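Below is one structure, written out as structure tokens, with a few remarks after it.
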Amino acid sequence: MSNVLVVGGAGYIGSHACLALREAGHEVVVYDNLSTGHREAVLGGVLVDGDVRDVEKLKEALRNYRVAVVMHFAALISVADSVSNPIAYYEANVEGTLSLLSAMVDVGVEVMVFSSTAAVYGKPDYSPMCEDHPTRPLNAYGESKLAIERAFPHYERAYGLKISKLRYFNASGADSKGRLGEVHDPETHLIPRAFNAVLGGAPLEIFGEEYSTPDGTCLRDFVHVTDLADAHVRVLRHLQDGGESGVYNVGTGSAYSVREVIQMVERVTGQRVPTISSPRRIGDPSSLLAASDRIQNELGWMPIHSDLQEIVESAWRWHQTGWHGSATGDAG
Ligand SMILES: NC(=O)c1ccc[n+]([C@@H]2O[C@H](COP(=O)([O-])OP(=O)(O)OC[C@H]3O[C@@H](n4cnc5c(N)ncnc54)[C@H](O)[C@@H]3O)[C@@H](O)[C@H]2O)c1
């Protein structure tokens, strides 16, 4: 078992990955500047409070904790924000990852698992999309992730690194034991925003209701955060067993519309979700659906918790009882 530096491990997906890594027997050290993450999400173990652009601090952490593997979740993640503030996105996501790579090369840490995104694909030519689908991001967030994906093969060849990339679709849900869940501020994701609306916050905005989909709202592929965490453990095992690095979609291949998600939230909470109609957002494709055959066939991964009802139920439990309290503020 290995010492794993989880960069961004105080955030939503990184913190769930820490749980899964510990359960698989790894030692976890979280490295995070807590800009969008939470100290309370670091459940035991070490938290190094540092910025991913701080090469010296990263090198110190890699050396001090005898790190063998890096999992890199730290990023700015809002598509809309990236359109108005691309500097911040390139600095955090591209410059940040280059700093981390420099630190790894200097210290001699050779394995990384990287959080990428379906946003690298842009508008689908076909659906579901496999990993070979053309990559044409529609915003600075997707571009920043693709730019760094493109740098990886050069680092792998020149410095003997192994870097696997996981392109997540819509991360959702919460730990089944209620230890962790999603806490973003402002919240931009559909399910927690629907809960906020139920709890008296701003009505849920539906961006576009005239798409060419069965009910007119966008279709998305929701994958449970616990299934995502499991994907990381499997990728790590594969690399440590001598497997090749790769790029993997992580989604379910099933699409739910925004309306269907709202209906599920209403069923689970027993309350109506107040909604308002808003114009389409620029660059929002009508449908985003993953073909995840590669990770299923090569690594035996299956989305076993990603049924929509389980996603919404786990997220609702967390929303009511988690350490963040019930968030009722207005959501982006
Ligand atoms: N949430 C999703 O649906 C989704 C979908 C696709 C890809 N992703 C990717 O997954 C990763 C994690 O997303 P998340 O939803 O957990 O986000 P999050 O905001 O909850 O977590 C990101 C973490 O990184 C930390 N961080 C940010 N900038 C940093 C910096 N400069 N130095 C050190 N730490 C920094 C934050 O404090 C936070 O703890 C991101 O790379 C994101 O692009 C997320």
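Remember, predicted model here, so these are calculated numbers, not experimental data.
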Using 4.0 Å as the upper bound for N to carboxylate O, is an ion pair formed by [Y] and [X]?
X      : Y      : value
Arg237 : Asp241 : no
Glu56  : Lys59  : yes
Arg281 : Asp284 : yes
Arg53  : Asp51  : yes

Pairwise side-chain contact, [X] with [Y], heavy-atom cut-off 4.5 Å (strictly under):
X      : Y      : result
Val250 : Trp301 : yes
Met112 : Leu100 : yes
Ser2   : Gln240 : yes
Leu5   : Met71  : no
Leu180 : Leu43  : yes
Arg22  : Glu27  : no
Val111 : Leu161 : no
His319 : Glu182 : no

Aromatic rings Tyr256 and Phe222: how do their planes relate, parallel, tilted or perpendicular, breaks at 30° and 60°?
tilted

Closer than 3.5 angstrom, by distance alone: can the side chain of [X] be matched with the main-chain N or O of [Y] as a donor-acceptor pair?
X      : Y      : answer
Asp227 : Ile304 : yes
Ser82  : Tyr141 : yes
Ser172 : Val223 : yes
Asn196 : Gly201 : no
His38  : Val183 : yes
Arg220 : Ala255 : no
Asn297 : Asp293 : yes
Thr213 : Thr217 : yes
Asp32  : Gly37  : no
Asn139 : Ala80  : no

Does the structure place the NZ or CZ of Arg280 under 6.0 Å from the centre of the six-membered ring of Tyr211, at an angle of no more than 45° from the ring's axis?
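The answer is yes; both the distance and angle limits are met.
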
Measure across [X] and [Y] and return the closest heavy-atom pair with its distance rounded to 0.1 Å.
X      : Y      : result
Ile276 : Pro203 : CG2-CB, 4.1 Å
Val235 : Leu299 : CG2-CD1, 3.6 Å
Val225 : Tyr12  : CB-OH, 3.7 Å
Ala290 : Asn249 : CB-CB, 4.4 Å
Val28  : Cys18  : CG1-SG, 3.5 Å
His154 : Arg150 : CD2-O, 3.3 Å

Is [Y] reachable from [X] through a run of hydrophobic residues whose side-chain heavy atoms are each under 4.5 Å from the next?
X      : Y      : value
Val46  : Val42  : no
Val312 : Leu204 : yes
Val7   : Leu34  : no
Leu146 : Leu138 : no

At what distance, to the nearest 0.5 angstrom, does [atom1] of [X] lie from [atom2] of [Y]?
X      : Y      : atom1 : atom2 : result
His224 : Ser314 : NE2   : OG    : 3.0 Å
Glu244 : Lys162 : CD    : NZ    : 6.5 Å
Glu266 : Gln271 : CD    : CD    : 10.0 Å
Ile13  : Thr226 : CD1   : OG1   : 11.0 Å
Ser292 : Met129 : OG    : CE    : 10.5 Å
Ser277 : Glu210 : OG    : CD    : 8.0 Å

Does either side chain, that of [X] or that of [Y], offer a donor lying less than 3.5 Å from an acceptor on the other one?
X      : Y      : value
Tyr31  : Asp49  : no
Glu298 : His238 : no
Glu205 : Thr275 : no
Glu149 : Ser116 : yes

Residue list, ring pair (Phe, Tyr, Trp, His ring centres under 6.0 Å) with His232, at least two apart or on another chain |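 With sequence neighbours excluded, His232 shows a ring pair (Phe, Tyr, Trp, His ring centres under 6.0 Å) to Phe73, Tyr168, given in chain and number order.
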
I'd like to know whether CZ of Arg267 has more than 12 heavy-atom contacts from other residues, nucleotides or ligands below 6.0 angstrom.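 Incorrect, the count does not exceed 12.
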
**Item:** Flag if over 12 foreign heavy atoms under 6.0 Å of CD1, Ile282
**Value:** no

_Does Val52 form a side chain to side chain contact (heavy atoms under 4.5 Å, CB included) with Asn33? I'd like the steps, not just the answer._
CA-CA 8 Å; Val52 70; Asn33 70 355; over 6 Å; no

Trace of the salt bridge (Lys or Arg N to Asp or Glu O under 4.0 Å) decision for Arg63 with Asp106: CA-CA 10 Å; Arg63 283 202 190 96; Asp106 279 0; over 6 Å; no

**Study point:** Stepwise side chain to side chain contact (heavy atoms under 4.5 Å, CB included) check, Asn3 with Val69
**Key:** CA-CA 7 Å; Asn3 292 355; Val69 177; over 6 Å; no

Taking the ring of Phe152 and the ring of Phe114, is the distance between their centroids below 6.0 Å?
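Phe114 vs Phe152: aromatic centres under 6.0 Å.
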
Inset, instruction - With side chain to side chain contact (heavy atoms under 4.5 Å, CB included) as the test, would you mind laying out the steps for Arg179 and Trp318 before giving the verdict? - result: CA-CA 8 Å; Arg179 294 167 290 185; Trp318 162 258; over 6 Å; no

| message | According to side chain to side chain contact (heavy atoms under 4.5 Å, CB included), who are the partners of Asp125, at least two apart in sequence or on a separate chain? | response |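 If we apply the side chain to side chain contact (heavy atoms under 4.5 Å, CB included) test to Asp125, skipping adjacent residues, the hits are His133, Pro134, Arg136.
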
Evaluation steps, side chain to side chain contact (heavy atoms under 4.5 Å, CB included), between Asn93 and Ile148 = CA-CA 8 Å; Asn93 300 358; Ile148 208 70; over 6 Å; no

Practice prompt. With side chain to side chain donor-acceptor pair (under 3.5 Å) as the test, would you mind laying out the steps for His72 and Thr97 before giving the verdict?
Written response: CA-CA 8 Å; His72 181 27; Thr97 308; 3.0 Å; yes

